[in-house]
*Asks:* 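Got a structure for you, written out below as structure tokens; questions coming shortly.
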Number of protein chains: 2
Amino acid sequence: MEEQLSERGKRILEAVIEDYITTAEPVGSRTITRSHALALSPATVRNVMSDLEEMGLLTSPHTSAGRIPTDKAYRLYVNSILEAKQNLTAGKREEIRRHCRMAGKDPAQVLKEASRLLSTTSSYMGVVMAPRMAANVFHQMEFVKLSSHRILAILVSQNGTVQNRLLETEEEIPQEDLVRMANYLNGMLQGLTIAQVRERLLAELQSEKVRYDSLMAKAIALSEQTIRTDSTEIFLEGQANILDQPEFADAAKMREIFRAFEKKSLLLDLLDRSMQAEGVQIFIGSESPLLKVEGMSLVTSTYLTGKDTVGVLGVIGPTRMGYGRVIPIVDYTAKLISRLLETE
Amino acid sequence: MEEQLSERGKRILEAVIEDYITTAEPVGSRTITRSHALALSPATVRNVMSDLEEMGLLTSPHTSAGRIPTDKAYRLYVNSILEAKQNLTAGKREEIRRHCRMAGKDPAQVLKEASRLLSTTSSYMGVVMAPRMAANVFHQMEFVKLSSHRILAILVSQNGTVQNRLLETEEEIPQEDLVRMANYLNGMLQGLTIAQVRERLLAELQSEKVRYDSLMAKAIALSEQTIRTDSTEIFLEGQANILDQPEFADAAKMREIFRAFEKKSLLLDLLDRSMQAEGVQIFIGSESPLLKVEGMSLVTSTYLTGKDTVGVLGVIGPTRMGYGRVIPIVDYTAKLISRLLETE
DNA sequence: TTTAGCACTCGAACTTTTTGAGTGCTAAAC
DNA sequence: GTTTAGCACTCAAAAAGTTCGAGTGCTAAA
């Protein structure tokens with residue numbers, strides 16, 4: 001631990017990690033000398049590996065097996081060793097762009113597609129957290145009368161997000177009243193964020209002015225109902241991909257993972273956390289309670305609309321994940337999505 | 001085969017099936033005499049079971065194991081033996097109703113919720129096929145201008161289904177033109193089904209009248225773009241539930257199942273097929289190519305809006321499924337959904 | 001400092017043995 | 001003619017025992 005890692009140590013650690021990433025088997029000293037053209041004998045490598053184990057970077061599942069990297073080793077790997085390799089080949093870029101036919105899709109569809117995209121290109125799980133509704137900018141509201149007592153309220157945000165809600169009314173409201181209500185609201189709420197809209201509506205409900213105008217009171221009540229929901233959506237795609245990972249081959253483990261990701265609240269916490277900082281972030285196994293148990297890692301990046309960070313997306317895979325491959329994928333996808341969501 | 005099934009044979013077959021459903025283990029003659037209070041010795045039961053095997057209703061995985069029902073036996077079971085037990089307890093009904101907070105949800109959300117509901121109450125997979133968009137009745141169309149070259153087209157059906165699409169336009173279209181376009185279309189398309197709308201739009205595109213009115217031509221082109229998509233949506237929920245089924249304990253099998261249900265086209269075929277007949281239908285293992293390989297069964301029921309069968313929902317589980325429990329769940333849920341989707 | 005050599009370890013894979021649930025058949029009992 | 005007790009037989013699954021080999025740590029020589 002205290003001793004600084006030598007250049008040679010680094011190279012060998014890197015070799016162990018990379019072998020382990022591809023094979024999922026404990027790596028022995030022989031294997032390394034063969035595959036990684038180091039001019040060293042297995043015995044020497046063994047000595048170094050022994051040092052690395054001392055430092056808490058490697059462990060062996062049992063005496064007579066090879067060694068596997070610890071979470072600490074992965075952390076070191078992604079922080080310092082991996083640095084240089086972060087650009088995507090033109091081919092991969094093309095592949096990502098080709099895969100994503102986003103024309104004519106509204107934001108929710110774009111994000112879902114992005115999640116699928118992340119999962120297929122990485123061959124792990126793709127995850128996208130949608131922007132909080134509250135941060136969207138109100139554009140316009142519409143009341144569509146479906147039948148005498150049923151009204152469909154449609155809320156359109158500046159970025160093209162549509163939210164709708166069926167409302168049942170006590171008494172029938174004539175069509176022209178609905179139009180007037182919508183006009184009134186649209187005038188009042190133009191350009192506010194949804195969060196501000198919510199505040200405004202609540203304030204308005206109290207005000208004198210409204211109390212004497214029953215139509216406007218109704219308008220506000222209806223729109224308040226429409227806007228009430230605010231669950232942050234998470235798109236999680238490609239869960240079947242992790243079935244192919246050898247470390248999850250046994251049924252019990254699989255079940256555990258599926259259950260863990262079924263309730264999305266823990267995942268939400270984690271994604272929220274990764275929204276604090278901008279750009280690519282990596283959570284490795286034990287660094288998060290959700291990932292720890294299952295031996296998973298998460299690579300995320302925030303995405304923007306305009307200049308504001310609004311959401312986060314990423315890839316979830318085994319701790320033994322091809323970070324060098326996944327990081328640029330996540331990075332590039334985030335930038336792509338940011339561009340697609342631009343409100344122009 | 002040729003010999004008709006005796007009353008005693010029926011009772012024993014029923015016993016085998018019910019035991020097998022609960023334990024997932026081959027059932028032996030001893031077990032039956034103990035658990036099912038038949039006044040018979042194991043030896044007698046053995047003779048009868050031997051007959052049943054002859055008839056192709058039972059098989060044994062190997063000589064010294066108990067017996068398991070064949071698909072043919074399940075078929076017989078659900079057709080003739082099960083009949084009487086098809087009503088749901090009040091408690092279960094209450095549970096289903098309680099689970100489903102549908103207030104204010106549009107049809108798509110209702111259906112998704114229904115699928116989840118089916119999966120949790122049955123503890124298998126829930127599946128719902130949404131009504132074909134083409135069968136919906138056009139209610140109104142709206143063009144919302146988001147920015148100079150981006151228009152959000154919103155299509156509302158009579159039943160509250162909302163479909164929207166972002167359109168990029170070459171030149172800027174003024175707000176009042178958008179309103180006029182919408183009015184024109186709404187007048188023209190009122191009350192048609194979406195299928196008819198599509199035809200009408202294509203016909204209109206050809207017509208003389210439109211050719212000289214560029215605004216209307218534009219309107220029709222835009223709405224035609226909006227309406228173009230027609231993929232039938234399928235909501236499949238609770239896939240994690242099948243992880244708990246002992247017959248799928250090994251990883252390879254699991255993977256196979258997940259892969260099979262990932263591409264939904266085969267499932268779509270099957271669901272389409274079950275829409276031919278009204279009410280509850282059951283597909284057992286070998287009766288369908290999709291289910292055969294994985295040893296699964298499907299219990300479906302059609303649901304209606306008004307008097308028209310519009311969609312189908314159901315439960316997918318192992319062939320060894322608690323049919324007696326699942327059938328009423330599916331039946332009741334279908335009726336519930338039909339009621340919720342009523343357009344009044 | 002590096003490396004060849006060697007005894008040692010220990011899980012994985014394979015083989016053998018044991019166990020017991022379950023069968024089919026026969027002959028006696030009802 | 002059914003039904004049942006009795007018994008030899010079967011065969012997968014579990015348990016116990018073997019073998020195998022990748023990999024280690026240590027020592028001593030290069």
Side-chain angles (χ1 to χ4, degrees), chain A residues 3-13 15-17 19-20 22-70 246-247 249-251, chain B residues 3-13 15-17 19-20 22-70 246-247 249-251:
Chain A
E3 206 188 333
Q4 202 49 25
L5 198 54
S6 69
E7 190 50 41
R8 195 169 67 179
K10 254 188 192 171
R11 288 196 53 197
I12 288 177
L13 182 61
V16 173
I17 292 176
D19 267 27
Y20 186 65
T22 59
T23 65
E25 297 288 323
V27 185
S29 49
R30 286 294 293 266
T31 329
I32 284 181
T33 55
R34 247 173 309 173
S35 58
H36 285 263
L38 306 167
L40 292 171
S41 75
T44 314
V45 172
R46 274 208 290 284
N47 290 330
V48 179
M49 282 168 93
S50 185
D51 296 346
L52 292 171
E53 186 161 8
E54 195 99 343
M55 294 186 230
L57 294 169
L58 296 178
T59 33
S60 37
H62 58 269
T63 356
S64 72
R67 288 181 168 94
I68 61 177
T70 63
E247 48 260 75
D250 91 291
Chain B
E3 205 188 334
Q4 201 52 25
L5 198 54
S6 70
E7 190 50 41
R8 195 171 66 179
K10 255 188 192 172
R11 287 197 52 198
I12 288 178
L13 181 60
V16 173
I17 291 177
D19 267 27
Y20 187 64
T22 60
T23 66
E25 297 288 322
V27 185
S29 50
R30 288 292 294 264
T31 329
I32 284 181
T33 54
R34 250 174 307 173
S35 60
H36 285 263
L38 306 168
L40 292 171
S41 75
T44 314
V45 172
R46 274 208 290 283
N47 288 331
V48 179
M49 283 168 92
S50 185
D51 296 347
L52 292 171
E53 185 161 9
E54 195 99 342
M55 294 186 229
L57 294 170
L58 296 178
T59 34
S60 36
H62 59 269
T63 354
S64 72
R67 288 183 167 93
I68 61 177
T70 63
E247 48 261 76
D250 91 289

*Asks:* Is any side-chain nitrogen or oxygen of A:S64 closer than 4.0 Å to OP1 or OP2 of D:dA22?
*Replies:*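 For D:dA22, OP1/OP2 do not have a side-chain N/O of A:S64 under 4.0 Å.
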*Asks:* Going from CD on B:E53 to OG1 on B:T70, what distance comes out if it is rounded to the nearest 0.5 angstrom?
*Replies:* 10.0 Å
*Asks:* Choosing from C:dC10, D:dG25, C:dA4, which nucleotide comes nearest the side chain of A:E53?
*Replies:* D:dG25
*Asks:* Could you tell me how far apart B:L38 (CG) and D:dT4 (P) are, to the nearest whole angstrom?
*Replies:* 11 Å
*Asks:* At under 4.0 Å between heavy atoms, what does A:S60 touch on the DNA or RNA strands: base, sugar-phosphate, or nothing?
*Replies:*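 No contact at all - A:S60 keeps every heavy atom at 4.0 Å or more from the nucleic acid.
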*Asks:* Just one of B:V48, B:D51, B:L13 clears the side chain to side chain contact (heavy atoms under 4.5 Å, CB included) bar with B:R8, so which one?
*Replies:* B:V48
*Asks:* Report the base-pairing partner of C:dT2 (Watson-Crick or G-U wobble, both distances below 3.5 angstrom), or none.
*Replies:*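 Matched C:dT2 with D:dA29 under the 3.5 Å cut-off.
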*Asks:* Measure CZ/B:R8 against C1'/D:dT4 and give the value in whole Å, please.
*Replies:* 12 Å
*Asks:* Distance check needed: D:dT24 P versus A:L52 CG, whole Å only.
*Replies:* 12 Å
*Asks:* Using atom CG of A:L40 as one end and atom P of C:dT3 as the other, report the distance to the nearest whole Å.
*Replies:* 6 Å
*Asks:* To the nearest 0.5 angstrom, please state how far the CD1 atom of A:I12 sits from the OG atom of A:S6.
*Replies:* 7.5 Å
*Asks:* For A:A39 and for B:R34, find the nucleotide of DNA chain C with the closest heavy atom, then tell me which residue's nucleotide is more 5'.
*Replies:* A:A39
*Asks:* Output yes when a side-chain donor or acceptor of A:S29 lies under 3.5 Å from a complementary backbone atom of A:R46, and no otherwise.
*Replies:*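 No, the answer is negative, given that no donor and acceptor are paired below the 3.5 Å cut-off.
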*Asks:* Indicate whether OP1 or OP2 belonging to D:dG25 is found under 4.0 Å from a side-chain N or O atom of A:R67.
*Replies:*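 Yes.
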*Asks:* Write down the distance between CD (B:E54) and C1' (C:dG24), rounded to a whole number of angstrom.
*Replies:*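 Atom CD in B:E54 sits about 13 Å away from atom C1' in C:dG24.
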*Asks:* Is a donor-acceptor pair below 3.5 Å formed from side chain B:R46 to base C:dG24, judging by atom type as modelled?
*Replies:*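 Under the 3.5 Å cut-off, the side chain and the base do form a donor-acceptor pair.
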*Asks:* Ignoring backbone atoms, establish whether B:S29 has a side-chain N or O less than 4.0 Å from OP1 or OP2 of C:dT23.
*Replies:* yes
*Asks:* How about A:V16 and A:L57: do any of their side-chain heavy atoms sit closer than 4.5 Å?
*Replies:*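 With C-beta onward as the side chain, the pair stays apart.
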*Asks:* Counting only Watson-Crick pairs (N1-N3 plus N6-O4 or O6-N4) and G-U wobbles (N1-O2, O6-N3), all under 3.5 Å, who is the partner of D:dA22?
*Replies:*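 Pairing partner: C:dT9.
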*Asks:* Rounded off to whole Å, could you give me the CD-to-C1' distance for the B:E25 and D:dA12 pair?
*Replies:* 12 Å
*Asks:* Provide, to the nearest angstrom, the distance between the NE2 atom belonging to B:H62 and the C1' atom belonging to D:dT10.
*Replies:*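 Roughly 9 Å, once rounded to whole Å.
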*Asks:* Provide, to the nearest angstrom, the distance between the CG atom belonging to B:N47 and the P atom belonging to D:dG1.
*Replies:*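 Going from B:N47 (CG) to D:dG1 (P), I get 15 Å.
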*Asks:* With nearest nucleotide decided by heavy atoms, which residue, A:A65 or B:S41, maps closer to the 5′ end of DNA chain D?
*Replies:* B:S41
